[in-house]
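Residues take their numbers from the sequence shown, with the count starting at 1. Just so you know, these numbers use all the heavy atoms, side chains as well, and skip hydrogens, waters and symmetry mates.
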Amino acid sequence: MTLGEFIISNQKAFKYSSGELSRLINSIRLAAKVVNHEIRKAGLVDITGAAGDINIQGEAQQKLDVLANDLFKQTLINREIVCGIASEEEDDYVIVEGQNKTNDNKYVLLMDPLDGSSNIDVNVSVGTIFSIYRRVSPIGTPVTKEDFLQKGSEQVAAGYVAYGTSTMLVFTTGNGVNGFTLNPAIGTFYLSHPNIKFPEIGKIYSVSEGYFTHFQEGMKRFLVHCKELNKEDNRPYTARYIGSLVTDFHRNMLKGGVYIYPATAITPNGKLRLLYECNPMAFICEQAGGKASDGFTRILDIKPSELHQRVPFYCGSKQLVQKAERFMSEFSAEEKPYYDMVSNNDNTH
């Protein structure tokens, strides 16, 4: 079954079946194919490396960050399919107006146009992450920030595109998770992974252990636990960390595991963005039978306060996430005031 056929046959199962959400997913499919085409030229044309600009998070933008952002944004704007766009690469949200300077569309889209883009230079898989909400402002008026600052539980659809050995589009509309693989010969996505589910247990843990010294005590103890020999608990677990959220998440969803980007003394608020990375991945995770939290609280229950808000992120097979949460809840009371103080004094996003 092609992606187009799947969308048509499942349109009634969408949360709002006006046809607009179907056209929006089709637009994402088109943009993903164009971005995929550009990524495949990396190394042959001058699209790798830093672009020379700094984004609002203070990070150096890669050339492909800018290119992917422009491609997705223009595809959505040209098709007049959304009323607003927010991107990790944009300082502020973008108001989309129709030809008559109004917009009757019902949806806003948030995205990380190219997750893991710094890995392009060394030929490592990257991805695109997207999240879709129904606007809360009156239809026909310009979108407001409140349209984007909704809890993740209000998402109507979310997904990602993994540009790897094959190109896959994985998404959910709140009725399970399905994966589609691109046939590059004819440019068509085919249903290759229906009804994806996280293995209940799993034995992979994905975390950047280079920051071990800066981790909270609970996180340190969890990692020690993962390395200990225990045949009854099938330990030690296997460490796998690529540094591209889409790729690490995708592997763990298929194989069984947990992805963690915790708070540290350097980044007490975490590093991943709630709106562009954590919320969409958490929605997919839960729809696939997994669990996602900030170590203490369900990600989808967090009320955003700003567009580029960061949070710690734990997601994956339910038992592994619950185990990590138990270790986090046990870290010393003396440590909490230190992290709270650093967090309150941290003016970065």
Side-chain angles (χ1 to χ4, degrees), residues 28 32 68 88 110-120 124-132 152 155 157-174 176-181 192-193 195-209 226 237-262 270-295 298-300 302 310-325:
I28 294 170
E88 182 178 312
L110 301 88
M111 64 177 175
D112 180 353
L114 203 63
D115 168 71
S117 56
S118 60
N119 286 324
I120 281 283
V124 171
S125 300
V126 294
T128 295
I129 306 172
F130 63 89
S131 175
I132 301 170
Q155 291 174 99
Y160 61 83
V161 185
Y163 309 103
T165 51
S166 61
T167 298
M168 280 192 66
L169 171 59
V170 178
F171 75 96
T172 180
T173 57
V177 179
N178 293 280
F180 300 80
T181 300
S192 55
H193 295 67
N195 195 28
I196 303 173
K197 293 293 182 183
F198 262 99
E200 183 73 17
I201 303 176
K203 61 171 298 179
I204 297 172
Y205 67 98
S206 306
V207 61
S208 180
E209 294 192 65
C226 290
Y237 299 147
T238 302
R240 292 285 185 270
Y241 186 72
I242 297 170
S244 173
L245 171 59
V246 166
T247 308
D248 279 312
F249 177 92
H250 185 71
R251 179 202 53 241
N252 289 353
M253 184 166 63
L254 297 181
K255 301 289 187 181
V258 59
Y259 174 91
I260 303 176
Y261 208 117
K271 189 175 181 182
L272 299 184
R273 289 77 177 174
L274 175 62
L275 295 181
Y276 312 115
E277 296 165 315
C278 301
N279 271 344
M281 292 311 228
F283 188 29
I284 297 167
C285 184
E286 290 194 4
Q287 284 295 313
K291 180 177 174 64
S293 77
D294 65 358
R298 181 184 181 227
I299 287 291
L300 298 182
I302 298 174
R310 300 176 190 254
V311 294
F313 192 48
Y314 296 64
C315 74
S317 297
K318 192 171 291 184
Q319 288 190 18
L320 278 176
V321 175
Q322 290 172 338
K323 183 177 289 188
E325 288 175 331

Short side-chain to backbone donor-acceptor contact, [X] and [Y], under 3.5 Å:
X: Asn178; Y: Asn195; result: yes
X: Glu88; Y: Arg273; result: no
X: Asp115; Y: Val246; result: yes
X: Ser317; Y: Phe198; result: no

Nearest heavy-atom pair of [X] and [Y]: which atoms, and what distance?
X: Gln155; Y: Asn279; answer: NE2-O, 3.0 Å
X: Thr173; Y: Ala157; answer: CG2-CB, 4.0 Å
X: Lys323; Y: Tyr237; answer: NZ-OH, 2.8 Å
X: Gly159; Y: Ile284; answer: CA-CD1, 3.6 Å
X: Ile129; Y: Pro280; answer: CG2-CG, 3.5 Å
X: Leu245; Y: Glu277; answer: CD2-CB, 3.8 Å

If the condition is side-chain contact (heavy atoms from CB on, under 4.5 Å), which residues does [X] pass it with, not counting sequence neighbours?
X: Glu200; answer: Lys318, Gln319
X: Ala282; answer: Ala292, Ile299, Leu300, Phe313
X: Thr181; answer: Ser166, Met168, Ser192, His193
X: Thr167; answer: Asn36, Arg40, Val161, Tyr163, Leu182, Phe189

If we only count heavy atoms from C-beta on, is the [X] to [Y] side-chain gap below 4.5 Å?
X: Pro262; Y: Val207; answer: yes
X: Val124; Y: Thr247; answer: no
X: Phe283; Y: Ile132; answer: no
X: Leu320; Y: Tyr205; answer: no

Nearest 0.5 angstrom please: [X] [atom1] to [Y] [atom2], how far?
X: Asp294; Y: Tyr314; atom1: CG; atom2: OH; answer: 8.0 Å
X: Ile204; Y: Cys226; atom1: CD1; atom2: SG; answer: 12.0 Å
X: Leu272; Y: Leu274; atom1: CG; atom2: CG; answer: 10.0 Å

Under 3.5 Å, sequence neighbours excluded: what are the donor-acceptor pairs made by side chains of residues 248-256?
unit_1	atom_1	unit_2	atom_2	d
Asp248	OD1	Ile242	N	3.0
Asp248	OD1	Arg251	NH1	3.1
Asp248	OD1	Arg251	NH2	2.9
Asp248	OD2	Ile242	N	3.2
Asp248	OD2	Gly243	N	3.1
His250	ND1	Tyr160	OH	2.7
Arg251	NH2	Ser206	OG	2.7
Arg251	NH2	Arg240	O	3.1
Asn252	ND2	Ser206	OG	3.2
Asn252	ND2	Val258	O	3.4

Once side-chain hydrogen bond (donor to acceptor under 3.5 Å, both in side chains) is applied, do any residues pair with Glu286, and if so which ones, sequence neighbours excluded?
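So Glu286 forms a side-chain hydrogen bond (donor to acceptor under 3.5 Å, both in side chains) with Arg298.
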